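Numbers restart at 1 for each chain; the letters A, B, ... are given by sequence-line order, proteins then strands. No experiment lies behind these values; they were computed from the predicted model shown.
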There are 2 protein chains.
Amino acid sequence: MRLKPNIPMAIQASNVLRQQLRKKRFPDNRLPSEHTIAADLGISRGTVRQALAILEQEGIIIRHQGSGTFVNPHVLQIDARVDVAYEFSELIEAAGFTPTIDTVEVKRLPADAEVAQQLAVAVGAPLLVIHKVFLASGQPTIFVMERIPVALIREAYDDNELHNPIFTFLQERCQVEVDYILSAIIPSLVEGDLVARLGVAAGQTCLQFNEVFYSPSNQPLAQATVFFRDPIIRFHALRKMSQMR
Amino acid sequence: MRLKPNIPMAIQASNVLRQQLRKKRFPDNRLPSEHTIAADLGISRGTVRQALAILEQEGIIIRHQGSGTFVNPHVLQIDARVDVAYEFSELIEAAGFTPTIDTVEVKRLPADAEVAQQLAVAVGAPLLVIHKVFLASGQPTIFVMERIPVALIREAYDDNELHNPIFTFLQERCQVEVDYILSAIIPSLVEGDLVARLGVAAGQTCLQFNEVFYSPSNQPLAQATVFFRDPIIRFHALRKMSQMR
DNA sequence: AAGTGGTCTAGACCACCTT
DNA sequence: AGGTGGTCTAGACCACTTT
């Protein structure tokens, strides 16, 4: 097995192993030892450990001192981890549906107090507001409201670009990179506008994420409110107990 | 600064740094360089990197190649991360309230189909079922239903022990260790029993976690259904975009 | 006793940012 | 140019599990 130079070996190794895991290349659910993997891939044991740490962090392998490294089938089958960033289309695809975008509405509106605070702009500052609906095999499933301060936009754009993920727009037209997203997880009631958007009866529940996008230098870049139709997209969390403090 | 032997240096170093962060020991939000920390703590740079990786994973620091390591105040102030395991009392305390346990009911019931499947036991197998209500400064806030297969219990116990976290019971009376918890995150409606348990009007929403506890050898040990009263306990997720694949 | 993962070291080189 | 973090190596010793 050869790895390419210039791309971190640990990342490549983790990708190789992840693919092999998904293809069930380890029939007894047991991975080779660190020493063996290192020899196979022609890298040092430290780098193998780095690769395995990535997979362990994702929860898809479990390691036991003195015993070995094993596949975790319970986690491997999960499609939506709450601590992993996906594009909405990916999410729908992973859940086994065909993703399409239905509606895109674009407006310019002044920031209200809450959003202004989250984005660190003045109340009333102009925002580019984008509404999208994602369908899973024809069924409305995700409704998003994204808000970007107009002041951030540095280049002319076409409304059609706004179908793309917000990351792309921020990168290309605002020349800023999204480093991380902080989301509040809120159980929400389907009512008002949402009934039509998600095609769900009023009084049903859905999952709401209030998200703020941050740059590498910790500046808020955009804000989004997302509604996931519940049984279709269901998020999971993995919590490890082992972390001693 | 001296570290104790026999406890991993990286863990100790991360604890030292986390405490300093919380106490705002770095007024310009900038941490010392890896080299400096290594010299200060008398450990190697590799070990310092391991410690910093823990803090970066928690999201409370951000690192920039060529530039330095910085505190992330946005994340530092969050009290309930969805990917971190807490005891319920800790959670309530972190939210700024005084935790108490109100009700503990203990029953023995047969497993229904869904729970039986999650716990990998036969339908109808006897379960120890524990219901608890946690109060935050007197207000009902968390309602938990925990289910343990009776077959796992290896020692006599007193019902009073069941006030303790389920981890403790599994450890002491079943001689099994909880390694990780897999939770489905569900937006839920307050109705029926929940109205009384959480002291919330019917028709309000709350956050539900369907949790399965697993041993290091990947065996399901227990199942829990947890309801969090929404605005009081609100979970957050941190998603990093940097992970290339 | 042998094999496994866990920890730690010391040093090298690289990529990136600041000065 | 010098400092920072990012990557990788080779080797050592330890703790734990299996044989």
Requested in this report: Would you mind telling me which residue lines up with the more 5' stretch of DNA chain D, Gly46(A) or Ser67(B), judged by nearest nucleotide?
Outcome: Ser67(B)
**Report entry** With sequence neighbours excluded, residues passing side chain to side chain contact (heavy atoms under 4.5 Å, CB included) with Ala51(A)
**Finding:** Ala13(A), Ser14(A)
Query raised in the report: What's the closest nucleotide to the Ala10(A) side chain, out of dT7(C), dT4(D), dC8(D)?
Result: dC8(D)
Query - For atom CD1 of Ile7(A) and atom P of dA15(C), their distance in whole Å - result: 13 Å
Report task. Could you state the atom-to-atom distance from CD of Glu34(A) to P of dA10(D) in whole Å? Result -> 15 Å
Query raised in the report: Is His35(A) touching bases, backbone alone, or none of the nucleic acid, heavy atoms closer than 4.0 Å?
Result: nothing
Query raised in the report: From dC13(D), dT4(D), dC8(D), pick the nucleotide closest to the side chain of Arg45(A)?
Result: dC13(D)
Requested in this report: Using atom CG of Leu31(A) as one end and atom P of dG5(C) as the other, report the distance to the nearest whole Å.
Outcome: 9 Å
Query raised in the report: What nucleotide, of dC8(D), dT17(D), dT4(C), holds the atom closest to the side chain of Ser33(A)?
Result: dT4(C)
Requested in this report: Report yes if at least one side-chain N or O of Ser44(A) is closer than 4.0 Å to OP1 or OP2 of dT9(D); otherwise report no.
Outcome: yes
Query raised in the report: Between Arg63(A) and dG6(C), does any side-chain N or O lie under 4.0 Å from OP1 or OP2?
Result: yes
Query raised in the report: Does Gln223(A) reach the side chain of Glu146(A), with side-chain heavy atoms less than 4.5 Å apart?
Result: no
Query - Rounded distance (Å) that lies between atom C1' of dT18(C) and atom CZ of Phe70(B) - result: 11 Å
Query - Protein-nucleotide distance (Gln50(B), atom CD; dG6(D), atom P), rounded to Å - result: 14 Å
Report task. Find the distance Met9(A):CE to dA10(D):P and express it as a whole number of Å. Result -> 11 Å
Query raised in the report: Think Thr69(A) has a side-chain N or O under 4.0 angstrom from the OP1 or OP2 of dT4(C)?
Result: no
**Report entry** Residue Gln65(A), side-chain atoms from C-beta onward, closest of dC16(D), dA12(D), dT9(D)
**Finding:** dC16(D)
Requested in this report: Compare the minimum distances between each of dT4(D), dT9(D), dG6(C) and the side chain of Thr47(A), then state the nucleotide with the smallest one.
Outcome: dT9(D)
Report summary line: To the nearest angstrom, the CG-P distance between Leu52(B) and dC8(C) comes to 14 Å
Query raised in the report: Among all residues two or more places apart in sequence or in another chain, which pass the salt bridge (Lys or Arg N to Asp or Glu O under 4.0 Å) test with Glu56(A)?
Result: none
**Report entry** Heavy atoms from other residues, nucleotides or ligands near NE2 of His35(A) exceed 12 (cutoff 6.0 Å)
**Finding:** no
Query raised in the report: Any sub-3.5 Å donor-acceptor pair from Ser215(B)'s side-chain atoms to Ser217(B)'s backbone N or O?
Result: yes
Report summary line: Taken to the nearest whole Å, CZ/Arg49(B) to C1'/dC8(D) is 11 Å
